[in-house]
Each structure stands twice: as structure tokens, then as C-alpha cells.
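Bear in mind the structure is a predicted one, so any value in this text is a computation, not a measurement. In what follows, chains carry the letters A, B, and so on, assigned in the order in which the sequence lines appear, proteins first and then strands, with residues in each chain numbered from 1.
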Amino acid sequence: MAELDLKGLWKKGESSLSDSEGFDLDKSIQSKSKDVLQKIKFILTIEFWLNNVITTSCSVFYYIEFGPFWGIFTGIVFLIYFFYYSFLINAIKKFDYAGEVKNSLKKIYNYLRFYVLHYKVVLWICFLIIPYVAFGYGFFIGYSGEPNPEWAQNTPQFEFTKSQAYIALGIIIVLPLLITLGCNYLISLIYDRKIKKLKAIVNGLDN
Amino acid sequence: MTEEVFLSKVKAHEGIINKILYLYVDSKEDKRDMYQEIVLQAWKSIGRFRGDSQFSTWLYRISLNTVMTFIRKEGRLKQETLDTALPVTMAVSEQSDRSMKLMFAIKQLNDIEKSIITLHLDDYSNDEIAEIIGISKNNVAVKIHRIKDELKKKMKG
């Protein structure tokens with residue numbers, strides 16, 4: 001089939017596509033974006049403000065309760081979080097859909113991979129490592145024979161029976177693990193398909 | 001650029017968006033979402049549009065980038081009948097039947113092939129296609145040749 005034929009047939013066919021099926025152009029610029037980067041930006045902004053509030057409060061609390069060293073230490077942690085999240089959010093804000101297709105898709109692919117990694121690290125820290133460390137520390141304090149901290153001296157003493165201790169230990173180990181793996185699976189379910197699709201497109205452009 | 005000027009420019013080039021939607025999106029609901037998303041992304045990017053390239057080229061880039069990052073709810077296009085997969089406004093004649101076949105054949109290509117052949121059939125030069133897609137001119141020429149061969153096979157079959 002000659003090239004002219006293809007172009008001729010295309011022109012004839014495309015004339016029938018002029019109908020925009022009644023979509024409202026004016027309203028479109030006021031609509032809310034369903035773009036994946038916007039969703040990530042929204043979640044990051046929530047994380048950003050949560051971290052700001054929590055780490056600032058902790059910093060002030062530690063400064064008053066434990067002295068300047070811990071206050072300044074948490075203040076530095078706050079600054080690291082602050083710049084890290086600002087960097088991530090600004091990277092998304094700067095993204096322009098009008099760029100070359102290959103470069104743009106590569107960027108989105110890299111963003112998605114990085115954010116999935118970010119979510120997974122946050123997930124493992126929040127739902128697995130922190131609960132394990134916290135409960136482990138609690139058990140250590142409870143069973144090490146160390147003198148009770150001041151705040152616990154006037155509270156009634158409670159000791160697990162052997163079976164209660166096994167149940168508590170089982171829950172403490174299994175529950176965070178299940179939550180972490182479940183959330184991990186959900187993240188993969190939401191983003192893996194899109195990441196794979198983008199990877200296939202970018203690879204297709206390279207060949 | 002004011003909102004009014006922007007909207008009139010998009011309206012004038014709406015055919016580009018409609019073409020992309022037809023080729024890449026199947027359900028009406030997804031088409032509406034994508035239409036809004038493309039216009040919205042164009043509106044957000046308009047401040048960075050310097051006029052170095054034509055408005056149509058710029059809109060093509062936005063449309064392709066937006067549509068390719070979107071996952072169709074139905075996944076891959078199913079082997080629909082020509083009647084349901086093609087525009088209803090087409091008059092039935094031998095010539096339009098071949099047009100239908102061509103459009104359906106293009107719709108079945110992968111995302112990259114669709115974009116390249118659409119630009120080619122819309123009279124964009126290989127240089128312009130290379131600039132929009134971000135690959136070399138030679139690669140564009142090779143791909144167009146390959147896609148045309150595939151289309152010929154599909155049209156005969």
C-alpha cells in the first residue's frame with residue numbers, strides 16, 4: 001500500500017474524530033487533576049506537615065524535659081525532614097508535561113520508582129522497626145530489673161503470666177509484620193502496573 | 001496568555017486531543033477524564049510555552065505524555081467489532097471502510113508506534129517527530145518503516 005493511500009485514508013478517517021463527545025473545555029481547566037504525580041504530591045504534603053508538627057513538638061518537649069542536647073538533636077532531625085520533603089515536593093512541582101515524550105516518561109518512571117521506595121522505607125520504619133524497638137525496649141525495661149523510671153513509680157505493677165507473655169509477644173511480632181506486608185502489597189498493587197508500563201514504553205523508545 | 005486566548009487556541013486544535021483519545025482510550029468515562037487532564041496539564045504548562053515550537057506540537061507533547069502515564073481501566077484493547085471500535089459518524093462506503101480498517105489497525109499498535117505513525121500521517125516531518133518524541137531522526141525513520149509494514153499486514157488480514 002502506497003504512503004499516499006495511508007495518508008489519504010487517515011485524513012478521511014480523522015475528519016470523523018472532530019466531535020469531542022460533548023466534553024466541556026471551559027470546565028476542564030477548573031477540574032481536579034487525577035494525575036499520578038499530583039496524588040503523590042498530595043500525600044507528600046500531608047507527610048511534610050505531619051513531620052513538621054511532630055518533630056517541632058518533640059524538639060520543644062525534649063528541650064524542656066531532657067535538656068538542650070536532645071532538643072537540638074531533634075531540631076536537626078526536623079531540618080533534615082524539612083529539606084528532604086521540600087525537595088521531593090518541588091521536584092514534582094517543576095515537572096512539565098510539555099517536555100519530550102521520552103524524557104518526560106523517563107522522569108515519571110524514575111519519580112514513581114523513587115516514591116515507591118520512599119513509601120516502603122517509611123512503611124517499614126513506622127509499622128515494623130519502631131514498634132519492634134519500642135516493644136523491645138519496654139520488655140527490656142520491664143524485665144531487666146532496672147530501677148523504675150520516676151513516672152512509673154506510683155503506677156501499679158503488672159506482670160504477665162507465661163501464657164500472656166507468649167500471646168503478647170506473638171501479637172507484637174506478627175501484627176506489625178502483617179500490617180507492613182499488607183501495606184507493601186497495596187503499594188505494589190497501586191504503582192507496579194504503571195511502573196512496568198512506563199518501563200516498557202521507555203525501553204521501546206530506546207530500541 | 002489569558003484564559004480566553006488559551007481556550008480558543010485549544011478549541012482550534014481540539015482535533016489533536018480527540019485523535020489521541022480515540023487511539024489510546026476506550027471507555028467514555030476514561031475519555032472524559034483524559035480530556036480534562038490534558039486540558040488541565042496544558043493550562044498548567046502554558047506559562048512555560050515560549051512559542052519556540054508550534055502550539056500544535058506543544059499540545060501533541062502534552063497529550064501524549066498525559067495519555068501514556070494513564071492506565072486504561074480495561075487494560076489492553078479487546079478484539080472489539082469494527083462497529084463498536086470506530087467512530088459512529090463515519091459514512092459507510094468502500095473508501096470509509098478502508099479508513100475504518102486503518103484506524104482500527106492503528107488503534108491496535110503499541111503506545112509508541114501509535115504516536116509515531118499518527119504524527120507521520122499528520123504530515124509532521126521526521127525531524128519534528130524526533131523532537132516531539134525525543135528519539136533520533138534515524139530511529140524515527142526505521143520505526144515508521146516498520147509500522148507501515150505492520151499496518152499493511154493488518155489491512156490485508
Side-chain angles (χ1 to χ4, degrees), chain A residues 1-3 5-38 93-109 111-112 190 193-194 196-198 200-207, chain B residues 3 6-7 10-11 14-15 17-19 22 28 31-33 35-45 48-49 58 61-62 64-66 68-71 86-87 89-90 95-96 98-103 106 110-113 115 118 121-123 131-135 139 148 151-152 155:
Chain A
M1 188 176 290
E3 183 178 321
D5 284 336
L6 276 182
K7 284 196 175 178
L9 290 172
W10 171 252
K11 299 280 179 223
K12 191 166 176 58
E14 76 165 345
S15 60
S16 61
L17 298 174
S18 56
D19 177 25
S20 65
E21 302 186 41
F23 302 147
D24 196 331
L25 179 62
D26 296 20
K27 277 185 185 166
S28 294
I29 57 173
Q30 271 121 33
S31 62
K32 210 175 167 193
S33 177
K34 290 179 179 172
D35 169 41
V36 66
L37 292 182
Q38 290 308 310
K93 274 184 187 167
K94 278 182 194 161
F95 182 78
D96 187 7
Y97 272 92
E100 276 177 0
V101 172
K102 186 181 166 186
N103 276 346
S104 303
L105 296 183
K106 240 181 195 172
K107 271 187 193 171
I108 297 175
Y109 169 70
Y111 283 153
L112 286 182
I190 296 167
R193 209 173 130 216
K194 201 176 271 279
K196 273 183 197 160
K197 185 195 164 197
L198 284 171
I201 295 174
V202 171
N203 286 345
L205 283 166
D206 283 332
N207 297 328
Chain B
E3 190 178 313
F6 169 78
L7 289 175
V10 173
K11 188 80 194 161
E14 209 175 24
I17 303 177
N18 293 333
K19 236 177 286 176
Y22 167 73
K28 174 119 185 171
K31 276 185 187 166
R32 172 169 286 114
D33 286 350
Y35 179 88
Q36 287 188 343
E37 198 61 48
I38 291 169
V39 175
L40 188 63
Q41 293 302 342
W43 175 236
K44 283 182 179 175
S45 292
R48 295 170 188 154
F49 177 61
W58 178 82
R61 276 205 211 115
I62 290 185
L64 288 172
N65 280 328
T66 310
M68 281 196 220
T69 51
F70 174 78
I71 296 268
L86 289 157
T89 50
M90 237 178 213
Q95 182 71 2
S96 65
R98 292 179 72 201
S99 290
M100 285 180 184
K101 270 191 172 177
L102 173 67
M103 299 196 82
I106 294 174
N110 73 35
D111 286 356
I112 290 302
E113 291 171 340
S115 61
T118 307
L121 295 175
D122 265 350
D123 294 327
E131 193 200 315
I132 292 172
I133 304 290
I135 56 177
N139 201 353
K148 277 183 178 173
L151 285 177
K152 280 178 205 168
M155 296 281 285

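Checked against the 6.0 Å centroid criterion, the rings of A:Tyr97 and A:Phe95 qualify as a close aromatic pair.
The part of B:Ile112 that comes within reach of chain A is its side chain, from C-beta onward, which places non-hydrogen atoms under 4.5 angstrom from that chain. At a 4.5 Å heavy-atom cutoff, the contact between B:Glu3 and chain A is made by side-chain atoms alone. Using a 4.5 Å cut-off between heavy atoms, B:Phe49 makes no contact with chain A at all. If you measure heavy-atom distances from A:Lys32 to chain B, the contacts under 4.5 Å come from the backbone alone. Residue contact with chain B, scored on non-hydrogen atoms closer than 4.5 Å, involves the backbone and the side chain of A:Leu205 alike. If you measure heavy-atom distances from A:Leu198 to chain B, the contacts under 4.5 Å come from the side chain alone. With a 4.5 angstrom heavy-atom cutoff, A:Lys93 touches chain B only via backbone atoms.
Going from atom NZ of A:Lys194 over to atom CE of B:Met68 covers 13.0 Å, rounded to the nearest 0.5 Å. Distance check: A:Lys11 NZ to A:Leu6 CG gives 11.5 Å after rounding to the nearest 0.5 Å. The distance from atom CG of A:Asp35 to atom CD1 of B:Ile38, rounded to the nearest 0.5 Å, is 11.5 Å.
Using a 4.5 Å cut-off on side-chain heavy atoms (C-beta onward), A:Leu105 and A:Tyr109 make no contact.
Heavy-atom pairs under 4.5 Å with chain A were tallied for B:Asn139, B:Ile133, B:Leu64, B:Asp123; the largest tally goes to B:Ile133. For the set B:Ile106, B:Val10, B:Asp122, B:Thr66, the count of heavy-atom pairs under 4.5 angstrom toward chain A peaks at B:Asp122.
Using a cut-off of 4.0 Å between Lys/Arg side-chain N and Asp/Glu carboxylate O, A:Asp96 and B:Lys44 are scored as not salt-bridged.
Between the side chain of A:Lys12 and the backbone N or O of A:Lys7 there is no donor-acceptor pair closer than 3.5 Å.
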